[in-house]
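Please read the structure below before turning to the comments.
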Amino acid sequence: MFESLTDKLSGIFDQLTKRGALKEADVDEVLREIRLALLDADVALEVAKDFIERVRERAVGSDVLKSVTPGQMVVKIVNDELVVTLGSDDGGINLVGTPPVAILMVGLQGSGKTTTTAKLGQRLTKQEKKKVLMASLDVYRPAAQQQLATLGEQTEVRCLPAVIGEQPVAITKRAMQMARLEAFDVVILDTAGRLHIDTELMSEVQQVRDAAKPVETLLVTDAMTGQDSVNVAREFNEKIGISGIVLTRVDGDARGGAALSMRTVAGCPVKLMGTGETMEALETFNPERIAGSILGMGDIVGLVEKAQQVVEEEEAERMAKKMLKGLFTLEDMAQQLSQIRKMGSLEGLMGMMPGAQKMKSQIADANVDDKMIAHQEAIIMSMTPKERKNPKVIKSSRRKRIAAGSGTTVQEVNRLLKQHKQISTMMKKAGKMGKRGLMGGNMPPGMMGGNIPGMR
Amino acid sequence: MSDDAGGNGGGGWLGRLKSGLSRSSEKITGSITGLFTKRKLDAAALQDLEDALIAGDLGVATATRLAGSLSDQRFDQEITPDEVRALLADDITKILEPVARPLDIDVNRKPFVILVCGVNGSGKTTTIGKLAGQFRDQGKSVIIAAADTFRAAAVEQLQVWGERAGAEVISGQPGADAAGLAFGALEKARAGGADILMIDTAGRLQNRKDLMAELEKIVRVIAKLDDSAPHATLLVMDATIGQNAHSQVETFKQMINVSGLVMTKLDGSAKGGVVVALAEKFGLPVHAVGVGEGIDDLRPFEARAFARSLMGLDA
């Protein structure tokens with residue numbers, strides 16, 4: 001989501017690297033551009049101003065002037081400052097207390113509270129092994145309670161059955177009561193969307209807070225929020241007291257300056273971020289990671305974390321050994337492709353890789369997308385086991401059959417076979433170079449589906 | 001803000017819009033007042049003025065241009081805060097007037113097909129419910145296609161609105177093909193002689209190529225029945241949005257030829273200042289604004305009132 005800001009800053013830093021030693025005038029010019037870039041990225045004005053001042057103080061000084069590459073130095077200063085502003089704690093969800101502990105979800109209408117509630121319910125169930133109860137307190141938006149109930153079924157997280165006409169405070173008490181009786185660890189309370197200036201609804205959520213005594217009150221905010229983000233964060237914090245922020249729709253192309261703004265004015269960490277429409281798409285917010293992505297340094301840590309979650313360790317090891325020997329069958333490739341799909345959209349994945357901004361546009365040109373991966377999977381599925389183990393036997397009539405069977409063209413089948421061959425060759429080479437060579441190595445063009453396996 | 005639809009006091013919609021806007025305009029006008037009480041319009045003052053407009057989500061480019069135009073008129077002159085506000089409101093009104101156009105329903109199109117799209121959480125379903133209520137009041141028969149087959153309980157939400165507005169809601173199974181559903185709804189609307197068909201679509205982020213292609217497919221498929229449909233394609237946008245609005249309009253417009261905008265949630269402290277920049281850049285009509293959760297809380301977009309409210313002036 002931060003890529004547009006990244007682009008801007010990259011442009012500025014390019015200019016800077018060409019200048020040699022950094023003068024004060026240069027710093028001013030650069031900072032003016034960074035300031036505009038931040039504002040364009042929806043960082044609130046007051047936050048951007050403070051940020052720029054802090055960077056200026058550090059940048060105009062001997063350490064920069066003495067630096068061999070001033071551009072890198074400023075990148076580091078901006079990056080450090082971004083990390084500080086975004087918050088340096090890891091933002092884990094606090095569950096400390098006598099069970100059941102309550103988590104209160106609040107925010108404006110349409111910010112993504114209900115979806116986030118369900119994602120969080122699943123996350124706490126799966127990752128923290130907690131017994132979670134979700135309850136919808138949204139008695140205003142039509143079918144809001146049913147939405148949470150449906151998501152509860154999908155995620156297999158229990159949801160408090162709705163009682164028609166019951167009001168939010170009563171629902172809260174019933175949820176806490178049920179949680180106590182049935183020994184739940186965590187109760188997630190999904191409140192109705194409300195405007196921070198709506199005194200009536202703000203006082204309602206205060207009452208809910210007093211009834212539930214939450215250990216966490218999470219403000220859910222859309223990553224595309226504009227300058228108003230500071231007002232929202234300030235008001236919710238003053239009236240209800242928030243302990244963390246969840247930034248949603250980070251998979252969009254919004255520049256996400258709201259994260260910086262809200263973190264600053266509310267003084268509490270951004271704890272989680274929503275990265276897609278699937279129920280798994282909720283991740284720990286990592287300030288270093290986001291600051292790095294703002295500056296176009298990619299997000300290798302995030303990619304590795306994500307891959308680890310999906311790929312089973314042993315399986316991965318077996319695969320790695322095999323691959324390094326150059327024994328990479330089409331079956332392995334199919335497995336890799338389905339793992340890529342599990343990890344989320346290709347675009348989301350690409351955004352986390354260093355240098356991916358450039359590659360992204362190449363991918364767009366090459367028309368490589370999630371659909372293409374699906375096609376490739378279909379092609380492999382249309383092969384016989386024998387063909388998958390030994391692709392050499394696939395001559396023209398088999399290619400035609402496979403194309404027909406997978407609903408693709410012979411050209412696509414050819415392309416896949418070629419990619420597979422390239423990967424096998426690369427694996428063999430990499431095996432000789434050692435694992436590190438894979439990451440930084442040049443990737444053969446036009447084989448996106450293929451080089452993902454190499455990233456492990 | 002309760003389930004009881006609309007009409008809930010509070011000095012009319014303009015008053016509500018204004019009180020909603022007042023927070024942000026307080027911010028803008030407050031800083032302007034601070035700047036100009038005893039001050040000439042010099043470079044530093046212009047910079048601060050530009051900042052104040054940026055803080056209203058007008059965006060750097062539009063803010064710079066507006067500040068620049070004020071500078072051309074009054075540079076180095078003594079100027080009062082009220083004059084600054086009035087001049088800026090006039091400039092903004094000029095930008096917004098061409099786009100303040102209501103949604104015209106062509107009665108020769110039967111049904112008149114309205115496709116409604118937008119990112120997740122922008123307020124599509126609520127807007128459709130309110131529009132259906134307005135059409136009903138105009139004596140038109142309305143059918144709504146619940147083509148958001150993805151989000152949990154989206155259909156149920158729409159059904160409640162359908163009941164409120166007296167409109168039939170056509171829905172399918174969760175996960176059903178949205179284009180197929182829209183097609184079936186159009187067939188049904190034609191057979192039944194409905195005046196208007198509104199198609200509610202799932203929220204989608206504009207950078208999701210697959211989901212945008214799905215939206216394109218809806219347009220393609222309904223054109224098979226009526227090659228002039230959809231007759232209106234509305235992009236629904238939340239007023240809290242910042243500069244990403246540009247990317248939204250650009251992509252949705254490119255993919256499915258958006259014909260007009262609806263801006264929702266203008267009853268908050270966010271004022272949708274980005275709409276000024278959008279008007280300059282794209283010139284798309286702004287058909288209506290949402291100012292509350294009731295069925296009557298959808299209003300025509302009025303350029304002058306909006307601009308003056310934005311600058312904290314009486315309409």
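Lettering of chains follows the sequences in order, A, B, ..., and the numbering in each one begins at 1. All values reported here derive from a predicted model rather than from experimental measurement.
Using a 4.5 Å heavy-atom threshold, the side chains of B/R164 and A/P142 count as touching.
Listed options A/A143, A/S229, A/A149 were ranked by heavy-atom pairs under 4.5 angstrom with chain B; first place goes to A/A143. Counting heavy-atom pairs under 4.5 Å between each of A/K49, A/Q146, A/Q145 and chain B puts A/Q146 at the top. Considering only heavy-atom pairs separated by less than 4.5 Å from chain A, the leading option among B/A152, B/S122, B/G273 is B/A152.
The CG atom of B/D57 lies 11.0 Å from the CG atom of A/L45; values are rounded to the nearest 0.5 Å. With values rounded to the nearest 0.5 angstrom, A/Q109 atom CD is found 6.0 Å from B/K265 atom NZ. Atoms CD and CG, on B/E293 and A/L201 in that order, are 7.5 Å from each other to the nearest 0.5 Å. Atom OG1 in A/T115 sits 7.5 Å away from atom CZ in B/R151 (nearest 0.5 Å). Note that the CG atom of A/D222 and the CG atom of B/N244 stand 8.5 Å from one another [nearest 0.5 Å]. Taken from OG in B/S247 to CE in A/M224, the straight-line distance is 9.5 Å, to the nearest 0.5 Å.
Heavy atoms closer than 4.5 Å to chain B are found in both the backbone and the side chain of A/E277. Within the 4.5 angstrom heavy-atom criterion, only side-chain atoms of A/L108, from C-beta onward, approach chain B. No part of B/V155 comes within reach of chain A, as not one of its non-hydrogen atoms sits under 4.5 angstrom from that chain. With a threshold of 4.5 angstrom between heavy atoms, B/Q206 approaches chain A through side-chain atoms but not through N, CA, C or O. Looking at B/L211, only its side chain comes within 4.5 Å of chain A, counting heavy atoms on both sides.
In this structure, A/R249 contributes its side chain and B/N120 its backbone to a donor-acceptor pair below 3.5 Å. A donor-acceptor pair is defined here as one N or O able to donate and one able to accept, closer than 3.5 Å; such a pair exists between the side chain of B/N207 and the backbone of A/D251.
Dense packing is recorded around NZ of B/K281, with more than 12 heavy atoms of other residues, nucleotides or ligands lying under 6.0 Å away.
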Note to self: Let's go through B/I54 and A/Q227 carefully: what are the C-alpha distance in whole Å and the side-chain angles of both, what is the deciding distance for side chain to side chain contact (heavy atoms under 4.5 Å, CB included) to 0.1 Å, and is it a yes or a no?
What the structure shows: CA-CA 8 Å; B/I54 288 169; A/Q227 297 283 327; 4.2 Å; yes
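For residues 234-241 of chain B, a heavy-atom distance under 4.5 Å to chain A picks out B/D238, B/T240, B/I241, given by residue number.
Of the N and O atoms on the side chains of B/E156 and A/Q147, not one donor lies less than 3.5 Å from an acceptor on the other residue.
Closest approach of A/D228 to B/S269, counting heavy atoms only: OD1-OG, 2.7 Å.
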